[in-house]
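This report concerns only the one structure given below.
Every number for a ligand or one of its atoms is a count from 1 in the order of the listing. One is the number of the first residue; the rest follow in order along the sequence.
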Amino acid sequence: MIDDAMKRIDDAYTLRKLEEMVKINSVVGKEGEFAEYIKTELESLGLKTETQMVKPGRPNVYASLKGDKPGKRLNYNGHLDTIPVVEGWETDPFKPVHRGNDLVGLGSCDMKAGFASILTMLKAVQDSGHKLKGELSFSAVIDEEAMGEGAKAMLKTDFAKVNAIVLAEPYPCDESKPMPLGITGKILYDVHVHGKAAHGFRPQHGINAVEDAAKIVANLDKLTFLDHPDFHKGNYSTLKFEGGYLIYSVVVPASARFEVNRLLVPGETPETAIADMEHLVASLNLKSSVEVKIKPPKYEAYVMAKDDPIIKAFDPVYREVVGKAPVYQYAYGITDANTFAGVGKIPCLHLGPTRGISDPKKGGGTHEKNEYVDVTWLPKVSRMYVKIADSFLNN
Ligand SMILES: [Zn+2]
């Protein structure tokens, strides 16, 4: 029966949808128009939709196809937002331009091509009249490129009561961007250092908060890092440092503050990370008093079993369609899977059209000017989506 759905995959539809989507500005914060487009398209395919207003004018969109027999539930997910327009675009970022196999436009790769393949999969299943067991559902969420509010809101709905989620992010699952079997979490340290003001000519009467803050930053390599068997150690990066006068004055600064991004491996939590920083600060015997806080965004690390049912559905399908074995990795980064899998404990697959292995000099990567997707990936991904849905739900 699934063969019929496979035969009904309409690659011209995929490309048409992708072009239409690139024309809609959905820069993070302005997802409303694109959400409406997706909702209308799903309804024209005969799916029942639901919207959840996450922020004013910024809804998540959901849809589902219930099977005629009880079974598992599988959700295909994407994020509606793109990053803002960066400098240096050579074409109009909202006008899709074909250059050989490349389709250039903002969000083409991250991740409107993924949506085009999901819609194609849903259309093929609908057109075939094929009923999958359980439930095949869809979610489009806002704000992935910022604080991930859309994914967090989705966790509170029934659309997160699923056995697995396929994220249509640009992951070719090859050497260039392997399929994550887990992803690091992250926190943002917000460290406040309080000293004592004094005349700058008599520093011995004060406590210099800037100098004490600098000592902490200079010693961050002594932070404790858990050595995880798969990920090994996380990392840190100081992102901001401030203190001292706003207008020139010869005063020993009484306060300083800095922010440090830290990637967490499974087993590390915001609480253990705060304890690690406090331990480091205590070891430095500073005169200043130090407050270690964290500020948003924070994400949970996760790791999934190599034999999770969604991986077992994906692996043979990838081999069949792409013609080689997928590559797996324990990844350093953040996606909405940190919310779905890290918080919601839902196994997540990352698979979507991308630009593949290309010359780095070519540019046009995700979050770069002249973003493009290699359109030869779309038919492959649409086919994998159909086969994964069949394998996961019907077996
Ligand atoms: Zn993305």
Please tabulate, for side-chain N and O atoms in residues 209-218, each donor-acceptor pair with protein atoms closer than 3.5 Å (sequence neighbours left out).
from : atom 1 : to   : atom 2 : distance (Å)
E211 : OE2    : N208 : ND2    : 3.2
D212 : OD2    : S288 : N      : 3.1
D212 : OD2    : S288 : OG     : 2.6

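- The nearest N, O or S atom of E169 is closer to the Zn ion (ligand 1) than 2.8 Å.
- Ionic pairing of K55 and D143 is not present here: no N-O contact between side-chain nitrogen and carboxylate oxygen is shorter than 4.0 angstrom.
- Under a 4.0 Å N-O distance rule, the pair E20/K17 qualifies as a salt bridge.
- Contact annotation: D110 places an N, O or S atom under 2.8 Å from the Zn ion (ligand 1).
- At a cut-off of 3.5 Å, with distance as the only test, no side-chain donor of S137 or S64 sits close to an acceptor on the other residue.
- The Zn ion (ligand 1) is closest to atom NE2 of H79 (considering only N, O or S atoms).
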